[in-house]
2 protein chains.
Amino acid sequence: MRVTVTSNTPTARRSERRLVTHAAILDAARSLFREGGYQRTTIRAIGREAGVDPALVIQHFGNKEALFEAASEIDFDLAEALPGPRDELSARVLEYMLTQLDKEPDALLATLRSMLTHQQAAHAARCAFLDDGATKISGVLDGEDAGLRSSLICTMLVGLMVTRHLLKLDDIVQAPTERLIELVEPCLRSLVEPERRLSDHG
Amino acid sequence: MRVTVTSNTPTARRSERRLVTHAAILDAARSLFREGGYQRTTIRAIGREAGVDPALVIQHFGNKEALFEAASEIDFDLAEALPGPRDELSARVLEYMLTQLDKEPDALLATLRSMLTHQQAAHAARCAFLDDGATKISGVLDGEDAGLRSSLICTMLVGLMVTRHLLKLDDIVQAPTERLIELVEPCLRSLVEPERRLSDHG
DNA sequence: GTCTATACCGTGATAGAC
DNA sequence: GTCTATCACGGTATAGAC
């Protein structure tokens with residue numbers, strides 16, 4: 001168990017206990033949703049992990065959907081990587097994503113884990129880094145098909161998140177962040193500046 | 001319903017009927033696993049879709065796991081894209097993947113859909129296009145980090161499969177296959193030939 | 001021999017009693 | 001704030017109908 005509320009001191013005021021319980025449940029939920037995805041994670045298991053009765057979980061969050069929503073609230077905004085020299089845009093975006101993910105944020109990984117099999121997670125993923133991320137990037141690109149190219153950049157980022165943090169491919173997991181940036185940056189660059197793509201040189 | 005066995009003619013020989021039923025179940029299973037993933041798809045729903053009693057589903061395949069395994073047998077081998085001029089390797093790999101996927105093969109999409117939340121699907125994905133695919137590609141690459149670079153190529157392919165065929169991002173879905181090849185080929189090329197990557201030119 | 005009806009047992013979500 | 005009861009559902013086994 002990662003957190004239990006049994007450690008609440010008897011003298012703790014009720015409202016404090018309530019907050020601790022709330023946090024413990026959220027924490028347990030995030031952890032389990034992250035590892036197993038939405039469907040395989042049960043309220044009972046969340047209660048167990050949090051050291052709390054399953055019924056209490058419902059009391060705090062209403063139902064499983066609402067709990068998932070609360071547990072998968074994401075702190076990830078590609079817009080933060082956009083300002084700066086245009087020439088280093090692809091490196092900035094890539095680095096932002098990799099460093100955010102290297103913190104292994106439970107909420108974000110929970111969303112990613114479930115995005116293929118759960119509507120709400122799919123929607124959250126779009127908002128966080130697919131549709132919305134692409135729109136943001138698209139704003140600083142020019143040339144033909146800026147929308148499509150931005151979507152492709154996001155596609156590559158998602159691919160990397162999936163293989164590195166969910167499927168955990170050996171090579172990708174073990175590679176140092178800097179090496180990944182080195183290798184992937186040219187990929188993104190070719191989408192940022194399609195007019196300068198390699199085939200024009202070779 | 002996509003297929004029912006009620007259309008079996010009464011005069012059909014038993015063994016034929018059995019085959020038809022078998023195929024109908026497999027077909028229904030593939031279709032449902034593809035759309036909903038492993039956990040959300042129930043034996044009962046598969047039976048309904050196939051116009052067959054749920055118990056019969058078990059009789060034919062033993063259990064849900066075995067049915068999934070049978071339904072998600074994949075016909076996809078990157079090795080087919082490897083032979084040929086080295087200069088066009090990235091284009092061949094990309095085109096192979098895109099054309100295979102554009103046929104929307106149920107079994108492959110079922111595997112992809114479940115790979116983040118189901119062990120067996122994850123394993124199948126590794127065998128089909130991640131670990132094994134990377135190993136195969138790695139064989140024809142040279143230079144530093146051939147293994148990592150092959151894995152990254154597969155990563156990009158997976159990203160594309162996911163956004164185009166599962167999450168169905170508008171831009172990516174609507175883009176013609178040829179345009180996708182045009183835009184993504186330079187990405188892969190930069191991984192095939194890292195020594196010639198764009199940053200060396202700019 | 002092929003399929004159907006039904007039942008069993010576990011589990012999960014949730015509501016209501018304590 | 002905790003425990004227990006309920007109710008639906010899912011996977012699977014079995015008995016018998018065709």
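Every chain is numbered from 1, with letters handed out A, B, ... down the list of sequences.
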Exercise. For B/R40 and D/dG10, what is the distance between atoms CZ and P respectively, to the nearest whole Å?
Worked result: 13 Å
For this session: Let me know the distance between CG of B/D53 and P of D/dC18, rounded to the nearest Å.
Result: 14 Å
Exercise. In residues 110-124 of chain A, which residues come under 4.0 Å of DNA chain D by heavy atom?
Worked result: none
For this session: Could you tell me whether A/E104 and A/R34 make a salt bridge, using a distance below 4.0 angstrom between a side-chain N and a carboxylate O?
Result: yes
For this session: Output yes when A/E182 and A/R179 qualify as a salt bridge under the 4.0 Å nitrogen-oxygen rule, no when they do not.
Result: yes
For this session: Specify the separation, in whole Å, of atom CZ of A/R44 and atom P of D/dT2.
Result: 17 Å
Exercise. Quick one: is C/dC3 close enough that its OP1 or OP2 comes under 4.0 Å of any side-chain N or O from B/T21?
Worked result: yes
Exercise. Does the base of D/dG1 carry an N or O that pairs as donor and acceptor with the side chain of A/R18 under 3.5 Å?
Worked result: no
Exercise. Any sub-3.5 Å donor-acceptor pair from A/R149's side-chain atoms to A/D142's backbone N or O?
Worked result: yes
Exercise. Heavy atoms, side chains only, cut-off 4.5 Å: are B/F61 and B/H22 in contact?
Worked result: yes
For this session: Please say whether more than 12 non-hydrogen atoms of neighbouring residues, nucleotides or ligands are located less than 6.0 Å from CD in B/E73.
Result: no
Exercise. Whole Å only: how far is the CD atom of B/E16 from the C1' atom of C/dC3?
Worked result: 17 Å
Problem set entry | Residues that A/A134 engages under side chain to side chain contact (heavy atoms under 4.5 Å, CB included), provided they are two or more places apart | A/S150, A/S151, A/C154
Exercise. How close or far is atom P of C/dT11 from atom CD1 of A/I46, stated in whole angstroms?
Worked result: 17 Å
Exercise. Going by number, which of residues 55-65 of chain B have a non-hydrogen atom under 4.0 Å from DNA chain D?
Worked result: B/A55, B/I58, B/N63, B/K64
For this session: Would you kindly give the CZ-to-P distance between A/F68 and C/dG12, to the nearest whole Å?
Result: 18 Å
Exercise. Nearest-Å distance, CG (A/L67) to P (C/dG12)?
Worked result: 15 Å
Exercise. What is the distance, rounded to the nearest whole Å, between atom CD1 of B/I43 and atom C1' of C/dA7?
Worked result: 17 Å
